[in-house]
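The block underneath contains the structure these notes are about, expressed in structure tokens.
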Amino acid sequence: MKSILKLILTMSLILGLAAPALAHFGMVIPDKNIMERPGELGLEFRFWHPMENSGMDLAKPKAAGVVWEDKRIDLLPSLKQMKEGKAVWWKGSYKVKKPGDYIFYMEPQPYWEPAEDCFIIHYTKTIVDALNAEEGWDQPLGTKIEIIPLTRPYGLWAGNSFTGKVLYKGAPLANADVEVEFYNSKGDMEIPSPSYVTQVLRTDAGGVFTFALPFGGWWGFAALTTDDEKMN
């Protein structure tokens with residue numbers, strides 16, 4: 001039997017002029033990405049090296065919540081600080097009561113990367129389908145940079161491909177790097193060499209990319225660009 005795929009969409013905005021060379025992802029991980037009945041959904045908010053399954057400290061996010069239909073619910077006040085090894089992450093939950101596609105998101109505090117002389121913001125989202133609604137998964141959040149799924153991002157089999165469109169300030173972002181990593185949550189996947197940790201592809205002229213997912217589990221996609229905003 002083929003295994004199931006689950007997706008994290010991380011949009012990384014580089015505040016500064018340095019070329020990005022990222023190996024860490026903002027991550028929003030729910031208990032499940034398909035809910036057959038109403039119930040409480042557990043959520044993890046992390047700043048992580050997914051394939052290597054090692055964490056970095058995540059300061060309390062600037063924003064965290066869920067969008068369902070035309071409603072935006074703030075989850076930030078209910079987040080609880082957790083620690084795994086030396087890395088701080090945040091735990092939350094949400095009670096799903098009605099059918100729909102729920103978009104869970106996080107906007108972290110800007111992260112200073114000394115090696116690249118820039119700040120980085122990982123806008124992150126993932127989509128959960130509840131009660132077989134299968135509507136709303138392509139709804140934009142309206143962040144400065146965003147990946148819009150062109151493939152429904154749940155109910156996928158291993159071997160399926162995922163297609164997304166990267167928008168920056170509302171317009172397609174051409175020739176942008178998209179980094180892809182598997183969340184090796186059990187830490188048992190053998191990595192032949194460092195080049196296998198992060199897969200890299202680029203968007204076409206319309207900001208579109210496609211990636212074939214070889215096996216089941218959580219996969220993260222991070223689209224990268226350099227913003228014109230400066231920070232001290």
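Computed from heavy atoms alone, side chains included, the values below leave out hydrogens, waters and symmetry copies.
If you chain together hydrophobic residues whose side chains sit under 4.5 Å apart, Val208 and Ile147 never meet in one group. Under a hydrophobic clustering in which Ile, Leu, Val, Met, Phe, Trp and Tyr are joined whenever their side-chain heavy atoms come within less than 4.5 Å, directly or via other members, Leu131 and Leu41 fall into different clusters. Follow the hydrophobic side-chain contacts under 4.5 Å out from Ile103 and you reach Ile34 in the same cluster. Hydrophobic cluster membership differs between Val200 and Phe182, with clusters built from Ile, Leu, Val, Met, Phe, Trp and Tyr side chains linked at under 4.5 angstrom. When hydrophobic clusters are built by joining Ile, Leu, Val, Met, Phe, Trp and Tyr residues whose side-chain heavy atoms come closer than 4.5 Å, directly or via intermediates, Leu150 is not grouped with Val178.
Taken from NZ in Lys60 to CD in Gln81, the straight-line distance is 9.0 Å, to the nearest 0.5 Å. One distance of note links CG of Leu167 with CD1 of Ile145; it measures 9.0 Å at 0.5 Å rounding. A distance of 8.0 Å separates CG of Asp70 from CD of Gln139, quoted to the nearest 0.5 Å. Going from atom CG of Leu173 over to atom OG1 of Thr225 covers 4.5 Å, rounded to the nearest 0.5 Å. For the atom pair Tyr102 OH and Ile127 CD1, the distance stands at 14.0 Å (nearest 0.5 Å). One finds the CG atom of Asp138 at 11.0 Å from the OG1 atom of Thr151 (value rounded to the nearest 0.5 Å).
The closest donor-acceptor contact from the side chain of Thr203 to the backbone of Ala176 lies under 3.5 Å. Of the possible donor and acceptor atoms, none in the side chain of Thr126 sits under 3.5 Å from a partner among the backbone N and O of Phe104. Side chain of Asn160 to backbone of Trp157: a donor-acceptor contact under 3.5 angstrom is found.
Across Gly55 and Ala87, no two heavy atoms sit closer than the pair C-CB, 3.5 Å. Smallest separation of non-hydrogen atoms from Pro214 and Ala212: CD-O, 3.5 Å. In terms of heavy atoms, Gly207 sits closest to Pro172 at N-CB, 4.1 Å. For Lys165 against Phe209, the heavy-atom pair with the smallest separation is N-CE2, 4.4 Å.
Applying the side-chain contact (heavy atoms from CB on, under 4.5 Å) criterion to Asp74, with sequence neighbours excluded, gives Leu76, Pro77. Qualifying side chain to side chain donor-acceptor pair (under 3.5 Å) partners for Asp57, counting only residues two or more places apart in sequence or in other chains: none. With sequence neighbours excluded, no residue satisfies salt bridge (Lys or Arg N to Asp or Glu O under 4.0 Å) with Arg72. For Ser193, the side chain to side chain donor-acceptor pair (under 3.5 Å) test picks out Ser195, with sequence neighbours left out. By the side-chain contact (heavy atoms from CB on, under 4.5 Å) test, Ser185 is found to be paired with Tyr183, residues two or more places apart in sequence or in another chain being considered. With sequence neighbours excluded, the residues forming a side-chain contact (heavy atoms from CB on, under 4.5 Å) with Ile191 are Met51, Tyr196, Val197, listed by chain and number. Looking at residues two or more places apart in sequence or on another chain, you find a salt bridge (Lys or Arg N to Asp or Glu O under 4.0 Å) between Lys62 and Glu107. By the side chain to side chain donor-acceptor pair (under 3.5 Å) test, Glu134 is found to be paired with Arg152, residues two or more places apart in sequence or in another chain being considered. Applying the side chain to side chain donor-acceptor pair (under 3.5 Å) test to Glu84 and every residue at least two apart in sequence or in another chain returns Arg46. The side-chain contact (heavy atoms from CB on, under 4.5 Å) search around Lys71 returns Trp68, Glu69, Ile73, not counting sequence neighbours. Under the ring pair (Phe, Tyr, Trp, His ring centres under 6.0 Å) criterion, Phe47 pairs with His24, Tyr111, His122, not counting sequence neighbours.
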Check against side chain to side chain contact (heavy atoms under 4.5 Å, CB included), Tyr168 and Asp227 | CA-CA 9 Å; Tyr168 174 57; Asp227 195 31; 2.3 Å; yes
Under the side chain to side chain contact (heavy atoms under 4.5 Å, CB included) rule, what do Ile121 and Phe119 come out as? Steps first, then yes or no, please.
-> CA-CA 7 Å; Ile121 302 174; Phe119 283 95; 5.9 Å; no
Before giving the answer on side chain to side chain contact (heavy atoms under 4.5 Å, CB included), spell out for Lys32 and Val128 the whole-Å C-alpha distance, their side-chain angles and the decisive distance to 0.1 Å.
-> CA-CA 7 Å; Lys32 54 185 75 71; Val128 174; 5.6 Å; no
Show your reasoning for whether side chain to side chain contact (heavy atoms under 4.5 Å, CB included) applies to Asp177 and Arg202.
-> CA-CA 5 Å; Asp177 281 350; Arg202 287 205 172 108; 2.7 Å; yes
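Pro61 is not listed as a side-chain neighbour of Gln109, based on a closest heavy-atom distance of 4.5 Å or more. In this structure, Val88 and Met82 have side chains that are not in contact, with every pair of non-hydrogen atoms separated by 4.5 Å or more. In this structure, Glu181 and Gln199 have side chains that are not in contact, with every pair of non-hydrogen atoms separated by 4.5 Å or more.
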Result block: side-chain N/O donor-acceptor pairs under 3.5 angstrom for residues 89-101, not counting sequence neighbours:
unit_1: Trp90; atom_1: NE1; unit_2: Leu58; atom_2: O; d: 2.7
unit_1: Asp101; atom_1: OD1; unit_2: Tyr154; atom_2: OH; d: 3.2
unit_1: Asp101; atom_1: OD2; unit_2: Glu135; atom_2: N; d: 3.4
unit_1: Asp101; atom_1: OD2; unit_2: Trp137; atom_2: N; d: 3.3
unit_1: Asp101; atom_1: OD2; unit_2: Tyr154; atom_2: OH; d: 2.7

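Glu179 and Thr198 are not linked by any side-chain donor-acceptor pair at a separation below 3.5 angstrom, with hydrogens and angles left out of the test.
Residues Tyr123 and Tyr105 place their aromatic rings such that the two centres sit no closer than 6.0 Å. Taking the six-membered ring for Trp, Phe25 and Trp48 have ring centres at least 6.0 Å apart.
Contact check on Lys125 versus Glu146 returns a salt bridge, with a Lys/Arg side-chain nitrogen under 4.0 Å from an Asp/Glu carboxylate oxygen.
Taking the six-membered ring where the residue is Trp, Phe215 and Trp219 present tilted rings, their angle falling between 30° and 60°.
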